[in-house]
K.L.:
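Have a look at this one.
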Amino acid sequence: MKNPMLEAVSLLLEKLLLISNFKLFSSGAPGEDKARSTFQELNSFHRGDVLEVPRTHLTHYGIYLGDNRVAHMMPDILLALTKDKRLTQKVVSNKRLILGVIGRVASIRVDTVDDFAYGADILVNHLDKSLKKKALLNEEVAQRAEKLLGITPYSLLWNNCEHFVTYCRFGTGVSPQADKDISKGAVEYGSAAPLPTTREPPGYCYRSHQGVHPA
């Protein structure tokens, strides 16, 4: 059974974090530290690689599918307003994205590498080292991503692009940067009770979407 108090606190924390990091989806600032990994050129990407784009306040993730295509989770308010694919398939603007975060609606979609990167440099498979987890075979990673394409609930803390790629790459959806935000928010906004560091949201898409189950 859901805990109404915990749900309310979680929702409030998400809103506060969104407001405090309103530019969180902007491109990486000039001079941002990029020494964490070697930058790769497009022709060195392999199907099933995790592509990572450092931003000013967060990191965006996707799964490379080959042929200049990246599967990634993108909040998009248009998904709640129209079923016209001519509109929703266009590259997601910042305004659509921010409103999608607030509305908690997203899709796991396919874009070109350039559209995914949005002008920033790309790191490859950096999560393998930082999470110290054994990756699945690249083809299985790509197939998991392809099976999840489509509309999905979105949450900054419980169901974001990092949860998506870690599920595909390692078999378990986790988000260290979301866990960090939970801890930060609990301190900054004086949470009355300790919040869990990890949680799977109701209707977690990697268990319910198209019959796909974690390994």
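Computed from heavy atoms alone, side chains included, the values below leave out hydrogens, waters and symmetry copies.
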K.L.:
Tell me, which pairs form a salt bridge (charged side-chain N to carboxylate O under 4.0 Å, His left out) where one or both residues lie in residues 62-71, sequence neighbours left out?
P.N.:
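Non-adjacent pairs meeting salt bridge (charged side-chain N to carboxylate O under 4.0 Å, His left out): zero.
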K.L.:
Once rounded to the nearest 0.5 Å, what's the spacing between atom CG of Leu127 and atom CZ of Phe170?
P.N.:
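Result: 5.5 Å between the selected atoms.
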K.L.:
Please find the pair of heavy atoms, one from Gly62 and one from Val70, that lie closest to each other, and give the distance.
P.N.:
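Answer, listing the atom of Gly62 first, then Val70: CA-CG1, 3.9 Å.
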K.L.:
If you look at every heavy atom in Cys161 and Tyr154, which pair is closest and at what distance?
P.N.:
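Scanning both residues completely, I find the closest heavy atoms to be N-CE1, 4.5 Å.
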K.L.:
Decide yes or no on side-chain contact (heavy atoms from CB on, under 4.5 Å) for Leu51 and Tyr64, but give the supporting numbers first.
P.N.:
CA-CA 7 Å; Leu51 304 188; Tyr64 187 63; 4.0 Å; yes
K.L.:
Does a salt bridge link Glu146 with Arg47, judged by any charged N lying under 4.0 Å from a carboxylate O?
P.N.:
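Yes, charged N to carboxylate O under 4.0 Å.
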K.L.:
Can you name the side chain to side chain donor-acceptor pair (under 3.5 Å) partners of Thr112, sequence neighbours left out?
P.N.:
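Once residues adjacent in sequence are excluded, the partners of Thr112 under the side chain to side chain donor-acceptor pair (under 3.5 Å) criterion are Asp115.
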K.L.:
Which residues satisfy the salt bridge (Lys or Arg N to Asp or Glu O under 4.0 Å) test with Asp128, sequence neighbours excluded?
P.N.:
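Testing Asp128 for salt bridge (Lys or Arg N to Asp or Glu O under 4.0 Å), a comparison that skips the adjacent residues, returns Arg169.
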K.L.:
In this structure, which one of Leu136, Ile63, Val50 forms a side-chain contact (heavy atoms from CB on, under 4.5 Å) with Cys168?
P.N.:
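Going through Leu136, Ile63, Val50 one by one, the side-chain contact (heavy atoms from CB on, under 4.5 Å) with Cys168 is satisfied by Ile63 alone.
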K.L.:
Would you check if the side chain of Ser107 reaches a backbone N or O of Gly150 as a donor-acceptor pair within less than 3.5 Å?
P.N.:
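Flag not set: sc Ser107 to bb Gly150 has no pair under 3.5 Å.
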K.L.:
Check Asp111 with Arg109, please: is the shortest side-chain N to carboxylate O separation under 4.0 Å?
P.N.:
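So Arg109 pairs with Asp111 through a salt bridge.
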K.L.:
Which pair of heavy atoms, one from Ala71 and one from Leu65, lies closest together, and at what distance?
P.N.:
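Looking at all heavy atoms of both residues, the shortest contact is CB-CD1, 3.9 Å.
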K.L.:
Is His163 reaching over with its side chain to a backbone N or O of Asn160, donor-acceptor style, under 3.5 angstrom?
P.N.:
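Yes, the answer is positive, given that a donor and an acceptor are paired below the 3.5 Å cut-off.
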K.L.:
Answer yes if Leu99 and Leu81 sit in the same cluster of Ile, Leu, Val, Met, Phe, Trp and Tyr residues linked by side chain heavy atoms under 4.5 Å apart, and no otherwise.
P.N.:
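Yes, one cluster joins them.
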K.L.:
Give every residue pair that meets the salt bridge (charged side-chain N to carboxylate O under 4.0 Å, His left out) criterion with at least one member in residues 73-82, sequence neighbours excluded.
P.N.:
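Those involving residues 73-82 are Asp76-Arg96.
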K.L.:
Test of understanding: with ring-ring contact (aromatic ring centres under 6.0 Å, His included), list the residues that count as partners of Phe116, not counting sequence neighbours.
P.N.:
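Phe116: ring-ring contact (aromatic ring centres under 6.0 Å, His included) contacts with His60, His72.
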K.L.:
Run the side chain to side chain donor-acceptor pair (under 3.5 Å) test against Gln89 and tell me which residues pass, sequence neighbours left out.
P.N.:
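Listed in chain order: nothing, the list is empty.
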